[in-house]
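Labels below follow one simple rule: chain letters A, B, ... track the order of the sequence lines, proteins then strands, and each chain is numbered from 1. Any value given below was found using the heavy atoms of this structure, including those in side chains, with hydrogens, waters and symmetry copies removed.
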There are 2 protein chains.
Amino acid sequence: MLFRIDLNSPKPVYQQVIDQVKYAVAAGRLRAGDRLPAIRDVATQTRVNRNTVARAYLELEREGVIRTNAGQGSFVRDEGPAGVHRARARRVLADLIDEMLAQARQFQMAEAEVIALVNERLSKVELE
Amino acid sequence: MLFRIDLNSPKPVYQQVIDQVKYAVAAGRLRAGDRLPAIRDVATQTRVNRNTVARAYLELEREGVIRTNAGQGSFVRDEGPAGVHRARARRVLADLIDEMLAQARQFQMAEAEVIALVNERLSKVELE
DNA sequence: TAGTTGTCCTATATGATCTAGGACAATAGG
DNA sequence: CCTATTGTCCTAGATCATATAGGACAACTA
């Protein structure tokens, strides 16, 4: 696992670390039990203060993505029963979609136009 | 035109004003030539400092959404030949869609599953 | 025992955001 | 001409999030 930090990004550094870990886990590049690099190592390599990296790891643990123990390091957690997370994921995504559709209605966009736009973005985003 | 400002939102107040004007224009609630409320009036009604509102109006003028003259006020600009407002609406919606797709990717959802979910919500939301 | 690791702590710096209010030119309407 | 309105410009300060800096310590490993 290596991090790419952009100091000029509007996104905070600690958030970039969080997102990159989450993405790596979702993409399968990091699997349950895999160890994350040590906070101080990440800090050195990315030239970021160690407290900033620690903040990211702390948040990741609070969200249940990793487990961490002093002296050992931080490790990707087991997923647990897949069905539960799956249902919750669907609910979260449905809310986002509803919000998007509400905006489309405000713009008086036709249904076909919205679908076309979704497909257009899908082809660009390269899902999975 | 009236504004709804949420001081607890992570989105800056001036950005909320900008977005609400843009959305109103894109949705057709504000049309070319329509006058925006005076900066000081908006500030009073929303209990926001007048400089904050002025910053939003300034940004809207720089983006070509409105034209403004001291002593007169601010007015929605003509669209021009290209359908600028329409294009802006598409961009706003594309951003929302991208955000949604990013979340879907985090959830490791297949493309087909996302599309199915969009269609499911579409049929419930009754677009237009 | 010595080194690694995560954690906690205080202190400081910076930038964005927001507030506060003074001052002024352009405009509109008597 | 006079007055009120409107947008604009200015300085000043408060607050918050982010990030840096480094000291200290407990848990763990070899």
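The phosphate of C:dA26 (OP1 or OP2) has no side-chain N or O of B:Gln72 nearer than 4.0 angstrom. Within the 4.0 Å cut-off from OP1 or OP2 of C:dT17, at least one side-chain nitrogen or oxygen of B:Tyr14 is found. Between A:Ser74 and the phosphate of C:dT5, there is no side-chain N or O to OP1/OP2 separation shorter than 4.0 Å.
Nucleic acid contact class of B:Glu61 (heavy atoms, under 4.0 Å, all strands): sugar-phosphate only. Here B:Thr68 lies in heavy-atom contact (under 4.0 Å) with sugar-phosphate atoms only.
The CZ atom of A:Arg40 sits 8 Å away from the C1' atom of C:dT4 (whole-angstrom rounding). One interatomic measurement links the two molecules: CG of B:Asn51 to P of C:dA16, which rounds to 17 Å at whole-angstrom precision. Taking atom CG on A:Leu60 and atom P on C:dT7, their separation rounds to 11 Å, with Å as the unit. Here C:dT7 presents its C1' atom at 16 Å from CG of A:Leu36, a figure rounded to the nearest Å. For the pair B:Ile66 CD1 and D:dT6 P, the interatomic distance rounds to 15 Å; values are reported in whole Å. For the pair B:Leu7 CG and D:dT15 P, the computed distance is 16 Å after rounding to whole Å. Between the C1' atom of D:dC28 and the CZ atom of A:Arg35 lies a distance of 11 Å, rounded to the nearest Å. B:Leu58 has its CG atom 14 Å from the P atom of C:dT17, to the nearest Å.
For the side-chain contact (heavy atoms from CB on, under 4.5 Å) with B:Pro37, the qualifying choice from B:Thr44, B:Val53, B:Val42 is B:Val42, the only one to do so.
In terms of position along DNA chain D, the nucleotide closest to B:Ile39 lies nearer the 5' end than the nucleotide closest to the other residue of the pair A:Gln16 and B:Ile39.
Residues B:Arg77 and B:Glu61 are not paired through a salt bridge, judged by the lack of any N-O separation under 4.0 Å between the basic side chain and the carboxylate. With respect to the salt-bridge test (charged N to carboxylate O, under 4.0 angstrom), the residues A:Lys11 and A:Asp19 qualify.
Distance from the side chain of A:Asn49 is smallest to D:dT20 among D:dT8, D:dT20, C:dG6. Out of D:dA26, D:dG7, C:dC18, the shortest distance to the side chain of A:Ala70 is found at D:dA26. Side-chain proximity of A:Arg50 to D:dG7, D:dG23, C:dG6: nearest is D:dG23. When distances are taken from the side chain of B:Val13 to each of D:dG7, C:dA28, C:dC18, the shortest belongs to C:dC18. The side chain of B:Pro12 lies closest to C:dC18, out of D:dC28, C:dG22, C:dC18. Comparing atom distances between the B:Arg55 side chain and each of C:dT17, D:dG7, C:dG21 picks out C:dT17 as nearest.
Between the side chains of B:Asp41 and B:Gln45, not a single donor N or O lies within less than 3.5 Å of an accepting N or O.
By the 4.5 Å heavy-atom criterion applied to side chains, A:Val25 and A:Arg31 are not counted as neighbours.
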